[in-house]
Protein chains: 2
Amino acid sequence: MLSIGALAKATGVKVPTIRYYEQQGLIAPPVRSEGNQRRYEPAARERLSFIRHARDLGLPLEAIRELLELSETPEMPCVDAHRIAGAHLGEVRARIARLRKLEAELERITSACDADTVGDCHVIHALADHSLCDSEH
Amino acid sequence: MLSIGALAKATGVKVPTIRYYEQQGLIAPPVRSEGNQRRYEPAARERLSFIRHARDLGLPLEAIRELLELSETPEMPCVDAHRIAGAHLGEVRARIARLRKLEAELERITSACDADTVGDCHVIHALADHSLCDSEH
DNA sequence: CTTGAACCTCTAGTCGCTAGAGCATTTAGG
DNA sequence: CCTAAATGCTCTAGCGACTAGAGGTTCAAG
């Protein structure tokens with residue numbers, strides 16, 4: 001049986017975050033000690049590691065909740081798990097595409113200024129005037 | 001003099017967002033009509049467009065606040081503006097780098113599964129077991 | 001048995017809005 | 001001039017995923 005601190009250390013998830021996950025129903029409320037402190041069975045470590053890893057990959061808690069439910073019934077077909085992961089991959093790609101546009105625009109804006117004062121600064125002007133932009137955003 | 005709705009239409013910033021910006025001190029409280037409605041001078045359009053554009057580029061409101069303050073004193077040197085934009089560019093690049101790692105990992109995970117059921121599903125297993133990953137994240 | 005670290009609950013704050021309730025005002029048509 | 005619709009007002013709460021802090025209790029080592 002692990003204390004919440006030991007579980008935190010074992011999984012890399014912070015103590016308040018574990019309590020938050022419990023409150024959100026992602027992990028079951030564990031048994032308590034006589035003094036009302038949480039005591040986790042070793043299996044809790046795996047579930048929490050799963051959550052942590054999925055979070056590291058950027059999955060929202062709602063998607064993780066679905067994946068956890070799926071993983072509890074191993075005989076279910078796993079197309080749903082693929083759908084969730086695939087949808088997330090799509091979102092990640094969309095975010096990358098958008099950020100690359102921003103990167104290009106910021107690069108252009110910041111490199112085009114050789115002024116000394118704010119009055120002539122290209123950065124300030126480019127922000128004030130959208131028509132100076134290369135692409136839509 | 002523009003109503004808040006007209007200002008919203010002219011800048012593409014939604015009405016509640018304009019009020020929010022006022023509350024946050026990014027735009028000055030405008031004069032009011034007899035019936036207590038906001039009435040904006042044409043100059044407000046430019047300031048709001050500036051904010052909108054900077055937001056589109058992903059700058060946080062705090063950075064925008066600084067840039068707005070800078071732009072009010074045109075004789076100031078503009079190195080600060082460059083610093084702000086440059087820092088943001090750095091953050092954008094960092095986010096891109098991180099997302100690309102996630103993309104690669106998700107790609108690997110989702111393409112490596114040819115199972116039918118959750119019990120054998122590579123997606124589920126890869127999430128449960130970090131050691132199956134290629135890189136750190 | 002004492003002490004200090006770890007634990008408990010609860011509330012509020014982060015960011016940048018967005019939604020909704022319950023009213024008041026403005027504006028265009030008749 | 002009157003009415004109805006559109007627009008405006010303030011205030012509060014909610015989103016996601018935590019994080020911080022207050023104020024108190026329990027545990028484990030020495």
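So you know, we letter chains A, B, ... as the sequences are listed, proteins then strands, and number each from 1.
- When the side-chain nitrogen and oxygen atoms of B:Ser33 are compared with OP1 and OP2 of C:dT25, none of them lie within a distance under 4.0 Å.
- The neighbour count for B:Arg55 CZ, taken as heavy atoms of other residues, nucleotides or ligands under 6.0 Å away, is above 12.
- In this structure the side chain of B:Arg47 reaches within 4.5 angstrom of the side chain of B:Glu72, judged on heavy atoms.
- Between the B:His88 side chain and the B:Leu57 main chain, a donor and an acceptor come within less than 3.5 Å of each other.
- In this structure the side chain of A:Arg108 reaches within 4.5 angstrom of the side chain of A:Glu105, judged on heavy atoms.
- Residues from residues 82-96 of chain A with heavy atoms under 4.0 angstrom of DNA chain C: there are none.
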Can you check each nucleotide of nucleotides 1-23 of chain C against protein heavy atoms at under 4.0 Å and return B for base, S for sugar-phosphate only, - for none, in 5' to 3' order? ------SSB------BBS-----
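- Looking at B:Val118 and A:Cys78, their side chains come closer than 4.5 Å, going by heavy atoms from C-beta outward.
- Nucleotide D:dA17 holds its C1' atom 14 Å from the CD1 atom of A:Ile27, rounded to whole Å.
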Ignoring hydrogens and angles, write down the donor-acceptor pairs under 3.5 Å from the side chains of residues 6-29 of chain A, residues two or more places apart or on other chains.
residue: A:Thr11; atom: OG1; partner: A:Leu7; partner atom: O; Å: 2.8
residue: A:Thr11; atom: OG1; partner: A:Val13; partner atom: N; Å: 3.3
residue: A:Glu22; atom: OE1; partner: A:Arg38; partner atom: NE; Å: 2.8

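- Using a 4.5 Å heavy-atom threshold, the side chains of A:Arg100 and B:Arg100 count as touching.
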Going through the checks in order, is the side-chain contact (heavy atoms from CB on, under 4.5 Å) test met by A:His82 and B:Cys121? CA-CA 9 Å; A:His82 292 194; B:Cys121 178; 3.5 Å; yes
